[in-house]
Amino acid sequence: MTEIRRILQLARTDFSYFFRTKWLMAVLLSLNLSDMLVIGLVYKGLMTVNYFAFFAPAVVVMGLFMGSMDTGRRIWLAFREGVIQYYLSLPISNLGVVAAYLIAGSLAAMVYSSSLLIVALLVLPAQAVLNTLILLPFFFILAIGLAGIAAALAALASTHGEFFFAYQQLLQVLLLTLSTVYYPQSVMQQYLPSALVTVASANPLSIAAEALRDFVFTGIPIQPFVVVQLIVSSVPFALLGAFAYYKALQKLQIKGKL
Amino acid sequence: MHPIETEKLTKLYGKTKALRELDFTLDEGEIMVLLGPNGSGKTTLLLILSTVLKPTSGKASVMGFDVVNQSTKVRQVLGISFQDARGFWRHKPIEILQFHATICGVPRDKRETLIEEILKDLELWDARGKLFMHLSGGQAKRLEVAKILVQRPKLAIFDEPSSQVDLRGKRIIWDHIRKLREDGSTILVATNEVREAEYLADRITILDKGVKVACNTLQSLKDSIAGGDIVELEFEAKDSKDVAEALGNLEGTFRVTKEEENHLRAYVSMAEEWVPKMTNICYQKGVKVVSVRVTEPSLDDVFLHFTGRALGATAT
């Protein structure tokens, strides 16, 4: 069995674990669907603009974010339950373990957010189905980046699971507040300094949400520049996360604990 | 080439020395038992050999591969059954074994049959669909052992393979470990259970405070205790004073005590060589021996002899 097949085997096992935590699935789905369907539709009635068309992509991106973040929870569980030591005894390199977690985390996030996207598309039919399919691989790269951040946070939290959830919440507030996921850039420009508006524009979550709005729900042809932006803003996160998780494994091998 | 070779292997946890310049080798096809109390460094050694931990200094190789620089190669030739069973709470035993067998390269055509056979042998078949978090301690431990029995690695490492398992289950596990050796694996077992060590070991290495204090076959370790064998002698005649003196001067006699008028207790080395000599002396002196009872030192005694502490005590 080659290293790549072992990585995929490990990724498959971890991927399946995401969907086994039924209570978590129920919480995530109920939160995201209620956001999308209840709040979106209510706002649609209250506001003159079609807020649902704006809001549905936000929920899909939020689903991608939360699905990816669960990678960190599973890494933390693996540390707590000693499964990481087990993985380190298997015929797979440390880098392979890191890669498997990032692949599994991003795949789980893709499946989860795609299910939200399908729900959104039922209510708000896509203007360009082909654009949706083209965007998916780039969303996968974003998911790897987010899974990387989750891995880094899990490594930082060490064996204290509650720290990981605190870090995740903090990150969520930062990334979502400084983004155009829930409100348009024009609103941000009115209330925030221009530096923060620039940060929000470069935020990969903003880029993903805008891409969904423009290319999927409005049907504007995909602009390569946006896709490049999405990759460029996601890859550093993936590299940082992979490095942090790899270092955490090394620390575990040297100290016997995190 | 030895399947396992360590040279001045040292592991520090902060200021605590878990292993101190350990030189250790394992011969191909043998079952080596590492015996020592909690904290003696057994698990640390096993974790270094299986590349889960890195040594602080010194060298260790498995099947010729360096555990630090060739860790992925090492992982391809060994399997370790951990002291605490490792598994995700929401996975089922059969899935855990399928995953382990697949990633360890057990051929697809043999995988399912082997898993079923091992699950049945270890009495886990009925629990194959339970979640890992719902298994009892004994079941989880048997599952941990089952991984290695399914994998059948060249080098199999077991850390306290039968702890938390009932007596019947222990015997089943031990027989499987022996069978694994018969099928060509080299085996390293760490334990602090005397019966387990006696049942399995071709050779025993005694570890204490991270240091190897003895390594030999069980019989040789017992024989190396001066006066470790106890020979109880009962004579027909009541006056055995002459005999006691003569036996006391025999080679291999540590001391002789008189328990009753016709009852002597001799503390000797290697009773199997001493008893024929004793018989000759009694014959020459015309003393009739009514009964002879030989008691060998237990493994506990061996451990006490080499470390000065009982096996149950924790290393400090």
Side-chain angles (χ1 to χ4, degrees), chain A residues 1-25 70 73-101 104 161 246-258, chain B residues 11-14 16 18 43-44 46-56 62 67-68 70-92 95-96 98-108 131-133 140 144 147-148 151 153 155 157 159:
Chain A
M1 195 181 222
T2 61
E3 174 84 349
I4 288 175
R5 287 183 69 184
R6 290 192 186 100
I7 290 172
L8 293 178
Q9 186 66 29
L10 191 56
R12 185 180 149 192
T13 300
D14 185 57
F15 172 77
S16 77
Y17 207 71
F18 174 68
F19 297 97
R20 284 171 195 242
T21 320
K22 295 184 182 68
W23 59 266
L24 180 71
M25 283 284 97
D70 193 62
R73 183 187 65 91
R74 294 196 306 282
I75 287 175
W76 166 69
L77 278 176
F79 278 122
R80 192 192 68 178
E81 291 162 20
V83 177
I84 287 294
Q85 284 94 335
Y86 167 57
Y87 285 165
L88 290 179
S89 74
L90 292 175
I92 182 169
S93 65
N94 290 12
L95 268 177
V97 174
V98 173
Y101 264 97
Y246 183 73
K247 281 291 176 192
L249 293 181
Q250 278 191 331
K251 188 178 167 191
L252 186 71
Q253 285 183 304
I254 291 167
K255 292 196 168 183
K257 59 182 181 182
L258 284 177
Chain B
K11 180 68 187 174
L12 298 175
Y13 296 115
T16 309
T43 298
T44 298
L46 301 191
L47 293 179
I48 288 175
L49 293 173
S50 54
T51 75
V52 174
L53 285 180
K54 283 186 176 168
T56 307
V62 171
V67 295
V68 176
Q70 296 171 293
S71 56
T72 311
K73 296 261 186 203
V74 170
R75 292 171 189 180
Q76 284 167 6
V77 293
L78 71 71
I80 177 170
S81 165
F82 290 94
Q83 189 176 346
D84 303 313
R86 310 290 164 117
F88 270 124
W89 288 6
R90 290 170 203 281
H91 283 157
K92 296 169 184 170
E95 294 168 334
I96 289 171
Q98 280 163 344
F99 166 74
H100 189 82
T102 308
I103 206 158
C104 291
V106 176
R108 187 190 289 264
L131 294 181
F132 181 78
M133 63 182 175
E144 188 64 28
K147 285 181 194 168
I148 306 308
Q151 182 188 350
L155 175 67
I157 295 179
D159 195 353

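Proteins come first, then strands; the chains are lettered A, B, ... in the order of their sequence lines, and each starts at number 1.
- Going from atom OG1 of B:Thr102 over to atom CZ of A:Arg5 covers 9.5 Å, rounded to the nearest 0.5 Å.
- For the pair A:Leu90/B:His100, a side-chain contact is recorded, criterion being any heavy-atom separation below 4.5 Å from C-beta on.
- Residue A:Gln85 comes nearest to B:Val52 through the heavy atom pair O-CG2, 3.4 Å, listed as atom of the first residue, atom of the second, then distance.
- A donor-acceptor pair under 3.5 Å is absent between the side-chain atoms of B:Lys54 and the main chain of A:Lys255, judged by distance alone.
- Side-chain contact between A:Pro91 and B:Cys104: present, with at least one pair of heavy atoms (C-beta onward) separated by less than 4.5 Å.
- Note that the OG1 atom of B:Thr72 and the CG atom of A:Asn94 stand 7.0 Å from one another [nearest 0.5 Å].
- Of the atoms belonging to B:Ser71, not a single heavy atom falls under 4.5 Å from chain A.
- Enclosure of atom CZ in A:Arg12 is not indicated, since only 12 or fewer non-hydrogen atoms of other residues, nucleotides or ligands lie within 6.0 angstrom.
- Here B:Lys92 contributes atom NZ and A:Arg20 contributes atom CZ; the two are 7.0 Å apart, rounded to the nearest 0.5 Å.
- In this structure, the portion of B:Lys147 lying under 4.5 Å from any heavy atom of chain A is its side chain and not its backbone.
- Proximity to chain B involves both the backbone and the side chain of A:Leu10, based on heavy atoms less than 4.5 angstrom apart.
- Nearest heavy atoms, A:Tyr17 versus B:Arg90: OH-N, 3.3 Å.
- For a residue to count as touching a neighbouring chain, one of its non-hydrogen atoms must lie under 4.5 Å from one of that chain's; by this rule A:Arg74 touches chain B with the backbone only.
- The nearest pair of heavy atoms linking A:Leu88 to B:Arg75 is O-NE, 2.7 Å.
- The CG atom of A:Leu252 lies 7.5 Å from the CG atom of B:Leu53; values are rounded to the nearest 0.5 Å.
- Distance check: B:Ile148 CD1 to A:Ser89 OG gives 7.0 Å after rounding to the nearest 0.5 Å.
- At a 4.5 Å heavy-atom cutoff, the contact between B:Glu95 and chain A is made by side-chain atoms alone.
- When atom types are taken as modelled, the side chain of A:Gln9 and the backbone of B:Phe99 share no donor-acceptor pair closer than 3.5 angstrom.
- The side-chain heavy atoms of B:His91 and A:Ser16, taken from C-beta on, include a pair separated by under 4.5 Å.
- Taking each heavy atom of B:Phe82 and A:Tyr86 in turn, the nearest pair found is CE1-CA, 3.6 Å.
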